[in-house]
Every structure is written in C-alpha cells, then in structure tokens.
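When a ligand or atom number is given, it counts from 1 through the structure's own listing order. By convention here, the first residue in the shown sequence is residue 1.
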Amino acid sequence: MPELVFFSGTMDCGKSTLALQIEHNRSTRGLQGMIFTRDDRAGAGKLSSRLGLVTDAVEAAEGFDFYAYLVAHLSQGNRADYVIVDEAQFLAGEQIDQLARVVDDLELDVFAFGITTDFRSKLFPGSQRLVELADRVEVLQVEALCWCGARATHNARTIGGEMVVEGAQVVVGDVNQSPDEVGYEVLCRRHHRRRMTAAAAHAGALSPDVLPVDPSSLADSVSRPPSSRA
Ligand SMILES: Nc1ncnc2c1ncn2[C@@H]1O[C@H](COP(=O)(O)OP(=O)(O)O)[C@@H](O)[C@H]1O
Ligand SMILES: Cc1cn([C@H]2C[C@H](O)[C@@H](COP(=O)(O)O)O2)c(=O)[nH]c1=O
C-alpha cells in the first residue's frame with residue numbers, strides 16, 4: 001500500500017540527508033522519483049543537506065498544486081514512482097491534502113520531510129496537516145543535541161545569540177550563523193522555555209552573578225571540616 005510518511009525532527013537532525021538517501025537508494029534500483037521543495041537555503045529548486053549533497057527539485061511555491069502537477073506529468077507519458085517533499089513545514093494545509101490524494105488516487109508513496117514546530121514552538125501549518133493526515137510520522141533517530149547534552153526537541157531563533165520570540169513565522173536561515181545575523185539553535189524543551197541559548201548559558205557561567213558568594217568565604221569553608229562550618 002502506498003503511504004504518506006512524515007519524517008520530522010528539529011532543524012539540523014538530518015532530514016534532508018535522509019531525503020537524499022531515499023532518493024539515491026530508489027533511483028539506483030531504477031525507480032524514478034519526483035522531488036519537490038520549498039524555500040531551501042541553497043535557493044529555489046534545490047534540495048540541499050549540510051553534508052554537502054544537493055539535488056535539483058521542483059520548487060513548490062505558494063499556490064502550487066501537487067496533484068495537478070503530477071497528473072499532468074504522468075498524462076504526458078512521464079514516469080513517477082514516488083514523491084519526495086522537503087521543507088514540508090512551509091506548505092499550506094491544502095497542499096498536504098493534495099499529497100494525500102497523490103497517495104490514494106495515484107498510488108504513489110509520498111515521503112515528506114520537515115520541522116514540526118517554529119521558533120515559538122507552534123506547529124507550522126504544513127506540519128500540522130501532515131500530523132493529521134500521514135499514515136506514519138517518523139521522528140528522526142540521529143538526535144540533534146541541546147548545548148546541555150540533552151536531546152534537542154525545539155528550534156530557537158536567535159539574534160546575536162539571544163533567543164527571540166517575536167517575528168514572522170517564516171525566516172529562511174541556518175544554525176551556526178555569525179552573531180549579527182538572524183540564526184537558529186536547537187534546544188531541549190527546558191532551555192527553550194527558559195530562553196537559554198548556548199551564548200546565554202556561557203554568559204551566565206562567566207557572570208559574577210551566578211555564584212553570589214564571596215571567594216574568601218569559599219576558601220574558608222573548604223579549609224574547615226563540614227562539622228565546624230556555620
Ligand atoms: N561535518 C560533518 N560531519 C558529519 N556529519 C555532519 C557534518 N555536518 C553536518 N553533519 C550531519 O548532518 C546533519 C544535518 O543534516 P541536514 O540533512 O542538513 O539536516 P536537516 O535537513 O534536518 O536540517 C547534522 O545533524 C549532522 O548529523
Ligand atoms: C524554527 C524555524 C525555522 N525556519 C526555517 C529555517 C530554515 O530555513 C528552515 C528549516 O530548515 P532545516 O533544513 O530543517 O534546517 O525553516 C523558519 O522559517 N521559521 C522557524 O520558526
């Protein structure tokens with residue numbers, strides 16, 4: 001049975017790499033895929049991974065009709081055995097409905113890849129509809145890590161290393177940006193809630209406010225046995 005599968009995770013957890021691997025494994029066995037993306041960092045009509053791999057893709061801009069495109073493609077005598085869609089979070093809900101129809105009526109597997117939530121930890125419209133409609137939701141197993149070492153589950157938007165919570169839902173960008181650019185950082189929920197990025201944690205560690213203790217009293221307490229301390 002063909003399936004609509006949503007591969008989800010935070011930014012930088014390997015979704016585009018997996019999309020390219022699925023494409024590679026199937027195309028080397030003679031299958032023909034249709035690859036779509038929207039607003040990839042590498043530019044329009046590209047599906048790119050941070051490992052350096054990139055492939056051409058059809059840019060599924062606002063208003064693009066997946067079902068009509070594939071029906072036209074097939075009825076012109078072209079082949080499509082499966083469909084890959086990257087950056088699926090950016091799609092409209094109705095475009096995800098079209099992908100479900102591609103699975104059910106055209107009987108093609110559709111593999112969609114995207115982040116689930118935005119920088120405010122709210123669902124993107126495309127991801128919401130995928131969670132509602134997908135046959136399977138697969139959370140990527142190569143976990144991205146928060147600076148504290150816990151599994152990263154949330155995406156923070158940063159300016160100068162500080163987490164921001166105001167702004168447009170869609171701002172194309174990357175992790176590890178220079179401090180003056182808008183960037184992103186993956187965090188565990190605890191640190192996303194506290195708006196504590198790596199830079200904020202580092203600044204806090206260096207701040208004299210973190211340990212409001214007189215250094216001389218510390219020296220005093222370690223030189224005396226615990227029983228004699230106040
Ligand atoms: N220099 C590197 N060496 C090994 N793995 C890397 C390197 N750079 C990035 N990666 C891997 O690539 C992943 C990001 O892959 P990518 O497909 O671009 O992520 P996503 O599409 O989920 O944002 C990182 O989590 C890491 O596992
Ligand atoms: C959290 C968040 C992310 N984005 C953008 C930033 C990137 O261009 C993509 C995610 O790409 P990746 O391959 O998964 O790293 O989404 C955004 O526009 N708004 C957000 O809140």
Which ligand 2 atoms does Q169 reach within 4.0 Å, using its non-hydrogen atoms? 17 (C), 18 (O), 19 (N), 20 (C), 21 (O)
Which of parallel (below 30°), tilted (30 to 60°) and perpendicular (above 60°) describes F66 and F64? perpendicular
Could you tell me whether R38 and D40 have a side-chain N and a carboxylate O separated by less than 4.0 Å? no
Evaluate the side-chain contact (heavy atoms from CB on, under 4.5 Å) criterion for residues R195 and V165: first the C-alpha distance (whole Å), next the side-chain angles of each, then the deciding distance (0.1 Å), finally the verdict. CA-CA 9 Å; R195 300 187 191 175; V165 291; 3.6 Å; yes
What about L99 and V131, same hydrophobic cluster or not, with Ile/Leu/Val/Met/Phe/Trp/Tyr joined at side-chain heavy-atom distances under 4.5 Å? yes
I need the nearest protein heavy-atom contact for atom 18 (O) of ligand 2: residue, atom name and distance, please. V171 N, 2.8 Å
My understanding is that we take every heavy atom of each candidate and find the minimum distance to atom 17 (O) of ligand 1. Doing that for L145, N176, T17, which one comes out nearest? T17
Closest approach of any protein heavy atom to atom 1 (C) of ligand 2, naming residue and atom: N155 CB, 3.4 Å
Atom CZ of R193: over 12 foreign heavy atoms under 6.0 Å: no
Taking the six-membered ring for Trp, are F111 and F6 ring centroids under 6.0 Å apart? no
Would you say K15 and ligand 1 have an N/O pair spaced under 3.5 Å apart? yes
Considering only the protein, which heavy-atom contact is closest to atom 25 (O) of ligand 1, and what is its distance? D12 O, 2.5 Å
Proximal atoms of ligand 2 relative to V172 (non-hydrogen, under 4.0 Å): 8 (O)
Write down the atom of H192, the atom of R120, and the distance for their closest heavy-atom approach. CE1-C, 4.4 Å
Counting non-hydrogen protein atoms only, what is the nearest one to atom 13 (O) of ligand 2? Give residue, atom name and distance. E87 OE2, 3.1 Å
Which residue and non-hydrogen atom of the protein lie closest to atom 14 (O) of ligand 2, and at what distance in Å? K15 NZ, 2.8 Å
Might you point out which heavy atoms bring I84 and A19 nearest each other, and give the distance in Å? CD1-O, 3.6 Å
Does any N/O atom on G173 come nearer than 3.5 Å to any N/O atom on ligand 2? yes
Atom CD of E181 and atom CD1 of I159: how far apart are they, to the nearest 0.5 Å? 11.0 Å
What I want to check is whether the side chains of Y82 and E23 have a donor and an acceptor closer together than 3.5 Å. yes
Contact region, F113 to ligand 2, non-hydrogen atoms below 4.0 Å, reads neither
CG on L123 to CZ on R129, rounded to 0.5 Å: 12.5 Å
Flag atom 14 (C) of ligand 1 as yes if some protein heavy-atom distance to it falls below 4.0 Å, otherwise no. yes
Hey, is D81 close enough to R26 for a salt bridge, meaning N to O under 4.0 Å? no
Check ligand 2 against F90 and write out every atom of the ligand that is under 4.0 Å from a heavy-atom position of the residue. 5 (C), 9 (C), 16 (O), 18 (O)
Any chance you could measure S49, atom OG, to Q21, atom CD, to the nearest 0.5 Å? 8.5 Å
Closest protein heavy atom (residue, atom, distance) for atom 15 (O) of ligand 2: R50 NH2, 2.9 Å
If you measure every N/O of G14 against every N/O of ligand 1, is any gap under 3.5 Å? yes
L51 contact mode with ligand 1 (heavy-atom cut-off under 4.0 Å): side chain
More than 12 non-hydrogen atoms from neighbouring residues, nucleotides or ligands closer than 6.0 Å to CZ on R79, yes or no? yes
Basic-acidic side-chain contact under 4.0 Å: K46, D56: yes
Ranked by distance from atom 4 (N) of ligand 2, the top protein heavy atom is Y184 OH, 3.5 Å
Does ligand 1 have any atom that is closer than 4.0 Å to a heavy atom of G9? no
Considering only heavy atoms of F119, which atoms of ligand 2 have at least one such atom less than 4.0 Å away? 1 (C), 20 (C), 21 (O)
Considering R38, R41, R157 one by one, which has a heavy atom nearer to atom 12 (P) of ligand 2 than any of the others? R41
Atoms of ligand 1 under 4.0 Å from any heavy atom of R50, numbered from 1 in the order shown, are 16 (P), 18 (O), 19 (O), 20 (P), 23 (O)
At the 4.0 Å heavy-atom cut-off, does C13 count as touching ligand 1? yes
Q89: numbered ligand 2 atoms lying under 4.0 Å from its heavy atoms: 9 (C), 10 (C), 16 (O)
Distance (rounded to the nearest 0.5 Å) between S121 OG and L187 CG: 11.0 Å
Which residue owns the protein heavy atom closest to atom 27 (O) of ligand 1, what's the atom, and how far is it? V142 CG1, 4.3 Å
Between R157 and D118, is the closest basic N to carboxylate O distance under 4.0 Å? no
4.0 Å protein heavy-atom contact status of atom 22 (O) of ligand 1, strictly under: yes
Is there a polar contact, in the sense of an N or O pair closer than 3.5 Å, between I115 and ligand 2? no
Numbered in order shown, the ligand 1 atoms found under 4.0 Å of a heavy atom of S49 are 17 (O), 18 (O)
Considering distance alone, does some N or O of S16 sit under 3.5 Å from an N or O of ligand 2? no
If we only consider heavy atoms of R120, is any one of them less than 4.0 Å away from an atom in ligand 2? no
Are Y184 and F119 near enough that their ring centres are under 6.0 Å apart? no
Short N or O distance, D39 and ligand 2, threshold 3.5 Å exclusive: no
Of the side chain and backbone of E185, name the one, both, or neither that has a heavy atom under 4.0 Å from an atom of ligand 2. neither
